*Asks:* 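Sharing a structure with you now.
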Amino acid sequence: MKIISGIQPSGKLHIGNYLGAIKNWIKLQNDSENECAFFVADYHSITEEFDPKEKPKEILDLATSLLALGLDPEKSIIFQQSQVPGHADLAWIFDTLVKIPELERMTQFKDKAAAQKENINMGLFGYPVLMAADILIHKADAVPVGEDQTQHLELTRDIARRFNNNFGPTFPEPKSLLTETPRIMSLVDPSKKMSKSGGEKSYIALFDSPEIIKEKIKSAVSDTGGGKDKRIGGDNLLAIFDAFAETKEEKNEYSNYKREHADGKLKYSEFKPRLAELIANHFADFRNRYAELSENPDQVKKILDSGAKKASAIAEKTLREAKQKIGLII
Ligand code: AMP
Ligand code: TRP
């Protein structure tokens, strides 16, 4: 399968990103049947407020983190979106196939527009079209993402179908690949998804120290509140435990906690510190590898440069084919 996915360099990676997407990237790359490409979606990230002085650091940090988590340039093409000409060109072509009301319906656009009322820019509006171009320029079959991106994948398939109908078979219709935890919820408001915008205490960043993780899990909302949503906080914490449980013993522990929770007997004073420990242990190697890699930013830049060369060759070919199909090549 041809696989592609991207992530925006806009702050800290959290366990939602990891459990919803990146964990799957590593699994997919390690299957030799797959051809994988993963990228830092820097063009997407400038549709929100940002500091041009911080941006280079955010891009490098994200690339370093992805390598520290196990992305391997020997197995995957790893690149920075804006270093590859073609994505924005193909997005322009796709713009002519998409109707304004379709983009107005996008949930992420509505949420972000509400959050940045003073800056509802064209880039934010066209964000899903650029995403479709990212995917289709690689003719990808499958896209590992969290659940919040599935609507964008539907639009990507619509765009591919429309292009193919109008101009002849060119693009596959890619599907989204979800993990078992496609939507990790916020620790402070479990009715919302975990995200950077929910505040420090709402998410666990991959860089958080074991002490901070312990604190954040300790204060996480569990089974308080009223109504039928009463248990969603506890369910979320259990799902996180399950996702990080690797050994047979840890899986057994999970089954016990789950049963206790179902019976209303879960002791959070025992469960929470154990969950915090499990998460902190999981990222111990990551923290060490990140520290090593960040000693040598030139090596990371080299990997991105070489990834951009490989991705550019693919992008150029597809863009040319698309232009040829629509009659722009004389
Ligand atoms: P973003 O940080 O929005 O660029 O997201 C990067 C990837 O992480 C995308 O595939 C998202 O769908 C995924 N993701 C973000 N937040 C969550 C979450 N709370 N649960 C699961 N996946 C998520
Ligand atoms: N929109 C994605 C997100 O916020 C990031 C992204 C950009 C992406 N282009 C992509 C993901 C192409 C998958 C494929 O998470």
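Every number for a ligand or one of its atoms is a count from 1 in the order of the listing. Since we're looking at a predicted model, the values are computed, not measured.
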*Asks:* Any N/O of Gly6 closer than 3.5 Å to an N/O of ligand 1?
*Replies:* no
*Asks:* Centres of the Phe207 and Phe283 rings: under 6.0 Å?
*Replies:* no
*Asks:* Is Pro182 near ligand 1, meaning one of its heavy atoms is under 4.0 Å from it?
*Replies:* yes
*Asks:* Do any nitrogen or oxygen atoms of Asp134 come within less than 3.5 Å of a nitrogen or oxygen of ligand 2?
*Replies:* yes
*Asks:* Can you list the ligand 1 atoms lying under 4.0 Å from a non-hydrogen atom of Gly20?
*Replies:* 21 (C), 22 (N)
*Asks:* Of the protein's non-hydrogen atoms, which lies at the shortest distance from atom 15 (O) of ligand 2, and what is that distance?
*Replies:* Gln149 NE2, 3.6 Å
*Asks:* So, applying side-chain hydrogen bond (donor to acceptor under 3.5 Å, both in side chains) with Asn256, which one of Arg259, Glu253, Glu260 is it?
*Replies:* Arg259
*Asks:* Write out the residue and atom name of the closest protein heavy atom to atom 5 (O) of ligand 1, then the distance separating them to 0.1 Å.
*Replies:* Asn17 ND2, 3.4 Å
*Asks:* Would you say His44 touches ligand 1, if touching means a heavy atom closer than 4.0 Å?
*Replies:* no
*Asks:* Measuring from atom 19 (N) of ligand 1, which candidate in Asn236, Val145, Ile184 has the nearest non-hydrogen atom?
*Replies:* Ile184
*Asks:* I'd like to know whether the aromatic ring centres of His261 and Phe271 sit less than 6.0 Å apart in this structure.
*Replies:* no
*Asks:* Quick one: nearest non-hydrogen protein atom to atom 6 (C) of ligand 2, plus distance?
*Replies:* Gly6 O, 3.9 Å
*Asks:* Can you find an N/O atom of Thr181 closer than 3.5 Å to an N/O atom of ligand 1?
*Replies:* no
*Asks:* Heavy-atom contacts under 4.0 Å between Val143 and ligand 2: side chain, backbone, both, or neither?
*Replies:* side chain
*Asks:* Write out the residue and atom name of the closest protein heavy atom to atom 1 (N) of ligand 2, then the distance separating them to 0.1 Å.
*Replies:* Tyr127 OH, 2.7 Å
*Asks:* For ligand 1, which atoms have a heavy atom of Gln8 less than 4.0 angstrom away?
*Replies:* 4 (O)
*Asks:* Is Lys196 close enough to touch ligand 1? Criterion: a residue heavy atom under 4.0 Å from a ligand atom.
*Replies:* yes
*Asks:* Using a 4.0 Å cut-off to any heavy atom of Ile7, which atoms of ligand 1 qualify?
*Replies:* 4 (O), 6 (C)
*Asks:* Does Gln8 approach ligand 2 within less than 4.0 angstrom via side chain, backbone, both or neither, non-hydrogen atoms only?
*Replies:* side chain
*Asks:* Considering heavy atoms of the protein only, find what lies nearest to atom 12 (O) of ligand 1 and give residue, atom and distance to 0.1 Å.
*Replies:* Asp148 OD1, 2.4 Å
